[in-house]
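Side chains are part of it too, since the values below use all heavy atoms of this structure and drop only hydrogens, waters and symmetry mates. These numbers come from a predicted model, not from an experiment. Order of the sequence lines fixes the chain letters, A, B, ..., with proteins taken first and strands second; residue numbering starts at 1 for each chain.
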2 protein chains.
Amino acid sequence: MRLIVARCEVTYTGRLTAVLPEALRLLMLKSDGSVLVHADTGGYKPQNWMTPPTALEFEGEPLERIVVRKFAGKTEDRLDIRIAEIVSDVTHDMGEAAELEKDGVEKHLQELLAGQPHWCGEGFRLVRREWPTDIGPVDLMCRDEEDGWIAVEIKRVATIDAVEQLTRYLDFIRRDPAMADCTGVLAAQQIKPQARTLAESRGLRCVEVDLMVLRGEREPELTLFV
Amino acid sequence: MRLIVARCEVTYTGRLTAVLPEALRLLMLKSDGSVLVHADTGGYKPQNWMTPPTALEFEGEPLERIVVRKFAGKTEDRLDIRIAEIVSDVTHDMGEAAELEKDGVEKHLQELLAGQPHWCGEGFRLVRREWPTDIGPVDLMCRDEEDGWIAVEIKRVATIDAVEQLTRYLDFIRRDPAMADCTGVLAAQQIKPQARTLAESRGLRCVEVDLMVLRGEREPELTLFV
DNA sequence: ACTTAGATTTCGCCG
DNA sequence: CGGCGAAGTCTAAGT
């Protein structure tokens with residue numbers, strides 16, 4: 001990884017046009033071809049960047065210009081870095097960094113709900129996970145106490161997109177006469193109000209689930225009015 | 001900005017739990033409180049990070065541990081960096097970096113079309129931008145020469161999602177008897193063929209607009225057959 | 001190569 | 001402060 005601290009002006013042309021006026025910034029050139037331009041503020045995002053694969057071109061001695069090119073389809077993306085002054089320029093061999101181990105993403109929610117489908121609805125039994133349809137798999141397919149079919153879409157945060165997704169699945173599932181009365185449940189850690197509005201306007205049930213409760217690490221909230 | 005190249009192990013707990021095994025990485029500590037952990041590969045994204053506002057805690061001399069805390073509502077987010085070996089540790093005063101000037105995003109398109117709604121359709125007058133519905137605001141609400149209502153959805157690149165979005169808005173708008181005959185227009189710099197097909201099958205008009213023409217920097221194309 | 005869906009999405013705007 | 005939608009979203013997985 002090459003780290004250059006320099007006073008520079010950066011121009012991006014591609015999907016849009018963007019110009020960064022001359023200022024002191026960090027240029028991060030990764031060994032996979034990534035180029036990131038970071039300011040001292042601005043948080044997570046680089047001010048400008050190019051994702052791999054890229055072709056780099058260096059001009060000047062000392063360095064005066066870096067051109068980063070990418071051939072993405074018909075249009076060429078280009079990052080043009082004009083360097084006015086170099087404050088620091090170091091290269092570190094960092095080798096291979098181990099992968100990130102994550103826990104708590106949507107997949108885990110699906111695993112937990114598959115094992116305890118009653119959190120999706122009273123008396124639900126799991127038929128199978130990743131129930132296939134012509135347009136992709138539904139997260140869970142369940143049956144209720146009256147043997148009715150229920151397709152369950154699981155999200156960490158459910159937005160309107162999730163409602164559309166579940167609606168599409170149901171459209172296809174119901175084409176099978178045996179499942180014409182299949183209903184839908186949207187299960188998520190958090191359901192956005194507008195997603196709930198849309199879901200209920202389409203007759204889809206909404207269930208908010210708690211990861212801690214699913215893991216048995218917290219008691220479910222008591223129902224005050226029975 | 002403080003740049004530390006170090007062999008370290010990083011643990012994140014918050015919205016999920018993630019562990020990075022010990023390896024050589026770049027730690028970027030920005031003056032706004034951002035902390036980014038970058039590997040030499042992996043492109044654009046940091047392997048781990050925390051966005052401002054944060055509280056940093058340093059332990060050991062030489063540095064052995066950095067704890068980054070964030071108080072986001074009810075749950076505390078925490079990044080725990082355990083440093084095994086420091087390869088480099090430098091701080092640069094980068095001052096204020098000028099803002100990024102972007103050009104060609106959807107907002108500009110909406111501003112320009114709001115000022116010249118006739119590009120969306122003959123004789124259109126703007127009623128308001130960001131017309132509210134129960135499921136979110138429509139980009140433009142217009143009336144035509146016969147005082148008919150038209151909802152306009154604006155996109156940089158219109159895909160099927162944009163058609164679905166406009167359809168949803170119309171479903172809700174038309175529930176008001178006074179607007180039951182509201183029609184829809186999809187306006188975009190580029191309309192994908194499948195989006196156009198779906199839109200027209202639903203009776204929605206499609207308009208491709210040219211940013212240069214809207215700005216008056218280019219003459220509109222002549223209509224060959226009048 | 002293209003499409004789809006997830007993401008600790010992040011970010012900005014408007015209520 | 002929360003909700004919503006755009007983003008040069010990025011990225012990984014499936015086709």
Under 3.5 Å, is there a donor-acceptor pair linking the side chains of [X] and [Y]?
X: Y12(B); Y: D80(B); result: no
X: K155(A); Y: Q165(A); result: yes
X: K70(A); Y: T51(A); result: yes

With respect to the phosphate group of dA6(D), does any side-chain polar atom (N or O) of Q165(B) fall under 4.0 Å of OP1 or OP2?
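For dA6(D), OP1 or OP2 has a side-chain N or O of Q165(B) closer than 4.0 Å.
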Mind checking [X] for me? I need base, sugar-phosphate or nothing, with any heavy atom below 4.0 Å counting as a touch.
X: R168(A); answer: sugar-phosphate
X: D161(A); answer: nothing
X: M50(A); answer: base

Check nucleotides 9-12 of chain D against the protein and report each pair of N or O atoms closer than 3.5 Å, with its distance, or say if there are none.
residue: dT9(D); atom: OP1; partner: R15(A); partner atom: NH1; Å: 3.1
residue: dT9(D); atom: OP2; partner: R156(B); partner atom: NH2; Å: 2.3
residue: dC10(D); atom: OP1; partner: W49(A); partner atom: NE1; Å: 3.2
residue: dT11(D); atom: OP1; partner: G42(B); partner atom: O; Å: 3.3
residue: dT11(D); atom: OP1; partner: Y44(B); partner atom: N; Å: 3.0

Whole angstroms only, please: what is the [atom1]-[atom2] distance between [X] and [N]?
X: L79(B); N: dT8(C); atom1: CG; atom2: P; result: 13 Å
X: K192(A); N: dC1(D); atom1: NZ; atom2: P; result: 15 Å
X: L16(A); N: dA6(D); atom1: CG; atom2: P; result: 16 Å
X: W131(B); N: dC14(C); atom1: CH2; atom2: C1'; result: 18 Å
X: Q190(A); N: dA7(C); atom1: CD; atom2: P; result: 14 Å
X: Q189(B); N: dA7(D); atom1: CD; atom2: P; result: 10 Å
X: E153(A); N: dT4(C); atom1: CD; atom2: P; result: 15 Å
X: E101(A); N: dT8(C); atom1: CD; atom2: P; result: 13 Å

Taking the basic N atoms (NZ, or NE/NH1/NH2) and the acidic carboxylate oxygens, is any pair closer than 4.0 Å for R202(B) and E200(B)?
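No, this pair does not count.
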Is the shortest side-chain N to carboxylate O distance from E153(B) to R168(B) below 4.0 Å?
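No salt bridge links E153(B) with R168(B).
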Between dT8(C) and dG14(D), how far apart are the C1' atoms? Round to whole Å, please.
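That atom pair is separated by 25 Å.
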What interatomic distance, in whole Å, is found between C1' of dC14(C) and the corresponding atom of dG8(D)?
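Each nucleotide's C1' atom is 24 Å from the other's.
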How close do [X] and [Y] get, counting heavy atoms only, and between which atoms?
X: A151(B); Y: V138(B); value: CB-CG1, 3.8 Å
X: L36(A); Y: Y44(B); value: CD2-O, 3.4 Å
X: T54(B); Y: S34(B); value: OG1-N, 4.5 Å
X: W119(A); Y: V207(A); value: O-CG1, 3.3 Å
X: H38(B); Y: M1(A); value: O-CE, 4.3 Å

F58(B) and L63(B): CA distance, side-chain angles, deciding distance, side chain to side chain contact (heavy atoms under 4.5 Å, CB included) verdict
CA-CA 7 Å; F58(B) 298 90; L63(B) 194 56; 3.8 Å; yes
Which dot-bracket string describes DNA chain D (Watson-Crick N1-N3 plus N6-O4 or O6-N4, or G-U N1-O2 and O6-N3, all under 3.5 Å; [ ] crossing; | other strand)?
|||||||.|||||||
Here's a test of your reading of the structure: between E130(B) and D139(A), which maps to the more 5' nucleotide of DNA chain C?
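First, find each residue's nearest nucleotide; the 5'-ward one identifies D139(A).
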By a strict heavy-atom criterion of less than 4.0 Å, which residues belonging to residues 104-117 of chain A are in contact with DNA chain C?
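Within this stretch, V105(A), E106(A) sit under 4.0 Å of the strand.
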Among dG15(C), dG5(D), dG3(D), which nucleotide has an atom closest to any side-chain atom of P137(B)?
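Per side-chain heavy atoms of P137(B), the pick is dG5(D).
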Should we count CD of E111(B) as having more than 12 external heavy atoms under 6.0 Å?
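Correct, the count exceeds 12.
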